[in-house]
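This report refers to the structure that appears directly beneath it.
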Amino acid sequence: MALFQSILSNKQEDLLKAERNWLADLQVILAKLGATEEDHATLKQSIRQLDELFLLVIVGEFNAGKSAFINALLGQNLLKEGVTPTTAEVNILKYGESSHRDVIEPHLHAIFEPVEILRHINIVDTPGTNAIIQEHQAITEEFVPRSDLVLFITSADRPFTESERQFLLQIKEWGKKVVVVVNKIDIFETESELEQILEFVRHNSATLLDTSVRIFPVSARKALRAKLGNPAEWQASRFEVLEKFIHDALDETERVRLKFLNPLGVGNRLLTHYLEITNNRLQLLTDDFKMLDDIEQQLALYRDDMTREFKLRLADVDNILLEMEKRGNQYFEETLRLPRVFDLLNRDRIKREFELNVVGDTPRAIEGRVNELIDWLVNADLRQWQSITAHLEQRKQEHKDRIIGDVGSAFRYDRDHLIDSVGRTAQRVVESYDKTYEAQQIAEGAQRAVAQSAVVEVGAIGLGAVITAIATTAAADATGILAASVVAALGLFIIPAKRRSAKKELAERILALRTNLVNSLTTQFEKELNSSLQRIDDAIAPYTRFIRAERAKLEDSKSELTEAHKVYGRLRTEIEDL
Ligand SMILES: Nc1nc2c(ncn2[C@@H]2O[C@H](COP(=O)(O)OP(=O)(O)OP(=O)(O)O)[C@@H](O)[C@H]2O)c(=O)[nH]1
Ligand SMILES: [Mg+2]
């Protein structure tokens, strides 16, 4: 740390501070998005590395000659070489006054050597990719984000295999600077063979990486032999150019530049990844919102339809009562006449006649209509629940069928879990729906309301009985008044007057009955409809709340990520211009 900071200019210091801030912000954003432990660790690691020595990492397929290359570079047989997959762990070569080795982690060893170049940079040997031992590749892939500069070694006898291509793409994603080394050029008999291979490598790295990628053909074997006492081989090893490049590339400024670019590239890779995840999540939520809108619209439509149809059904009930009133008027017209004066004194007979001719079928008809209305209401409520369940089921299915891309496992879990639980609530309502009970509740409510507001005293014997009682009481009252008057003063003028008042009273009673019935049914209906809608709302509320809250959060993260990406662009330009 001390070493690294002591060599920074003021401008570099400022840039380093800006970069650290950017990385810290990014950590916060990723935490909010629930980034994986792995991604957090990677970012943290690359931040930590800003303080460490420059890391030159050697990668490539097994047997390409990575270990041999490092041996040649350092001029000694430090690392084990072999034709089979040989290197099994990441070896960091560091400067040390004496030679010794350290196990940092099971797959991360440190080798200390008193070699001059290691005072300025650390060199890393990695296990080969594409080996039968898959673990080797994993170890190396995990280490790649840490590197400041990647030396990609490919063997001249099988350059640029498919697996190398894949691996290079990964390295590129992390925003790493890559240099390609074609090793083992001593296997060629002629210069033209070599030239052919180089042309092939040049072409491929230009398409895969970019045209400015440097390519160095070398023989690590000859270089090491030269350094160990056979200088004649130096020329043919072609190591000179490469060493000069490493020396130049690793001058102070270039080293600082690459060092600064490293966490920036790692950060940007994560940023891009989580921006994509954020967009995927928002897309998913947009579809969720659409579904909730659909449900909302459907419920509004449901309310309108129900209200309209309820009015029609109520008018039916009302008409039955109006018909009864008409019959009552006619009955009084015919009955409250002088010729029938003795009949009128028979109160029971009048009551029976009235019941038979006026009341008639009315109570049953009304009861029938009201029951139909209640059944209709209950069925409609149930159908809404079924439709909600179907919506949720469909949403889940759509989600499974459509490939939205990665949204992060925790987010997916939360959301799926919620849809499931909301779906289950709806499903439970549908399954446990007791139509008879629901209908009975409404019917009793209506009957109670009518009975309570009527003058008559009625037990809970059904709406029809209530209506009969109310109607016949009207008749009995009319005859009662008449009978008393008849006894007191039998007069020609009295009967028409009583007829008028009987009609009037009947009209009043029926009006009161109609009003009571209509009011109580309307109140009951509205109460039921509201509570039906309310229950549905309550059931989906957790889902609604979740997507509202998530969307707000995601919009925030998205703008933060977008802003961070802009800052990335600025920092990158500044670092490249150092
Ligand atoms: N002809 C020739 N053989 C070489 C050269 N460099 C290395 N080799 C041989 O290639 C084989 C593999 O070398 P290593 O250095 O072990 O290769 P590696 O890439 O480290 O392999 P892993 O550790 O298994 O990933 C060994 O037998 C080396 O002797 C070279 O420049 N020319
Ligand atoms: Mg090796």
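Read the numbers this way: they start at 1 and go in the same order the structure lists the ligands and their atoms. Reckoned from all heavy atoms, side chains included, excluding hydrogens, waters and symmetry mates.
- Not one N or O of Val218 is nearer than 3.5 Å to an N or O of ligand 1, by distance alone.
- Proximity of Gly60 to ligand 1 is not established, as no heavy-atom distance is less than 4.0 Å.
- Gly65 CA, 3.8 Å is the protein heavy atom nearest to atom 14 (P) of ligand 1.
- With salt bridges taken as basic N to acidic carboxylate O contacts below 4.0 Å, one links Arg415 and Asp288.
- If you check which protein heavy atom lies closest to atom 27 (O) of ligand 1, you get Val83 CG1, 3.5 Å.
- The existence of a salt bridge linking Glu576 and Arg572 is confirmed by a sub-4.0 Å separation between a basic side-chain nitrogen and an acidic carboxylate oxygen.
- If you look at the Mg ion (ligand 2), the protein N, O or S atoms less than 2.8 Å from it are Ser67 OG, Thr87 OG1.
- In this structure, Arg158 pairs ionically with Glu61, as a charged nitrogen and a carboxylate oxygen lie closer than 4.0 Å.
- The protein heavy atom nearest to atom 18 (P) of ligand 1 is Lys66 N, 3.4 Å.
- Side-chain contact of Ser67 with Thr87: a donor-acceptor pair under 3.5 Å is present, judged by distance alone.
- At the top of the distance list for atom 7 (C) of ligand 1, counting protein heavy atoms only, stands Ala68 CB, 3.4 Å.
- By the 3.5 Å distance cut-off applied to N or O atoms, Thr87 is counted among the residues near ligand 1.
- At a 3.5 angstrom cut-off on N or O pairs, Ala220 counts as close to ligand 1.
- Remark: ligand 1 atoms within the under-4.0 Å shell around heavy atoms of Ser219 are 31 (O).
- Of all the heavy atoms in Lys176 and Val150, the pair that sits closest is CB-CG2, 4.0 Å.
- Using a 4.0 Å cut-off between heavy atoms, Asp186 contacts ligand 1 through its side chain alone, with no backbone atom that close.
- Salt bridge annotation for Lys558-Glu555: absent, with no cationic side-chain nitrogen under 4.0 angstrom from a carboxylate oxygen.
- For the residue pair Ser99 and Glu113, a side-chain donor N or O sits within less than 3.5 Å of a side-chain acceptor on the partner.
- Residue pairs that meet the ring-ring contact (aromatic ring centres under 6.0 Å, His included) test with at least one member in residues 61-100, sequence neighbours left out, are Phe69-Phe239, His100-Phe112.
- In terms of heavy-atom proximity, Arg20 sits nearest to Ile47 at NH1-O, 4.1 Å.
- Nearest non-hydrogen protein atom to atom 12 (C) of ligand 1 is Asn63 OD1, 2.8 Å.
- For a threshold of 3.5 Å applied to N or O pairs, the pair formed by Lys80 and ligand 1 contains no separation below that value.
- On a distance-only criterion, Ala64 and ligand 1 share at least one N/O pair closer than 3.5 Å.
- With contacts defined as side-chain heavy-atom distances shorter than 4.5 Å, the pair Leu118/Leu93 qualifies.
- Protein heavy atom in closest approach to atom 6 (N) of ligand 1: Asn183 ND2, 3.2 Å.
- The shortest separation from a heavy atom of Thr84 to ligand 1 is under 4.0 Å, placing the residue in contact.
- Checking Glu81, Lys184, Lys222 against atom 28 (C) of ligand 1, the nearest heavy atom belongs to Glu81.
- Of the protein's non-hydrogen atoms, Arg221 NH2, 3.2 Å is the one closest to atom 29 (O) of ligand 1.
- Looking only at atom types and distance, the side chain of Gln298 has a donor-acceptor partner in the side chain of Gln384 under 3.5 Å away.
- Not counting sequence neighbours, Glu37 has no partner by the side-chain contact (heavy atoms from CB on, under 4.5 Å) test.
- Nearest to atom 16 (O) of ligand 1 by heavy-atom distance, out of Ser67, Gly82, Ser237, is Gly82.
- Taking any N or O of Thr86, backbone or side chain, at least one lies under 3.5 Å from an N or O belonging to ligand 1.
- Screening residues 89-100 for salt bridge (Lys or Arg N to Asp or Glu O under 4.0 Å) gives no qualifying pairs among residues at least two apart or on separate chains.
- With ligand atoms numbered from 1 in the order given, ligand 1 contributes 25 (O) to contacts under 4.0 Å with heavy atoms of Gly128.
- Asp293 and Gln297 share no donor-acceptor pair across their side chains, judged by distance under 3.5 Å alone.
- Using a 4.0 Å cut-off to heavy atoms of Pro85, the atoms of ligand 1 that qualify are 24 (O).
- Looking at Glu240 and Lys222, no side-chain N of the basic residue comes within less than 4.0 Å of a carboxylate O on the acidic one, giving no salt bridge.
- Ser147 is not listed as a side-chain neighbour of Leu56, based on a closest heavy-atom distance of 4.5 Å or more.
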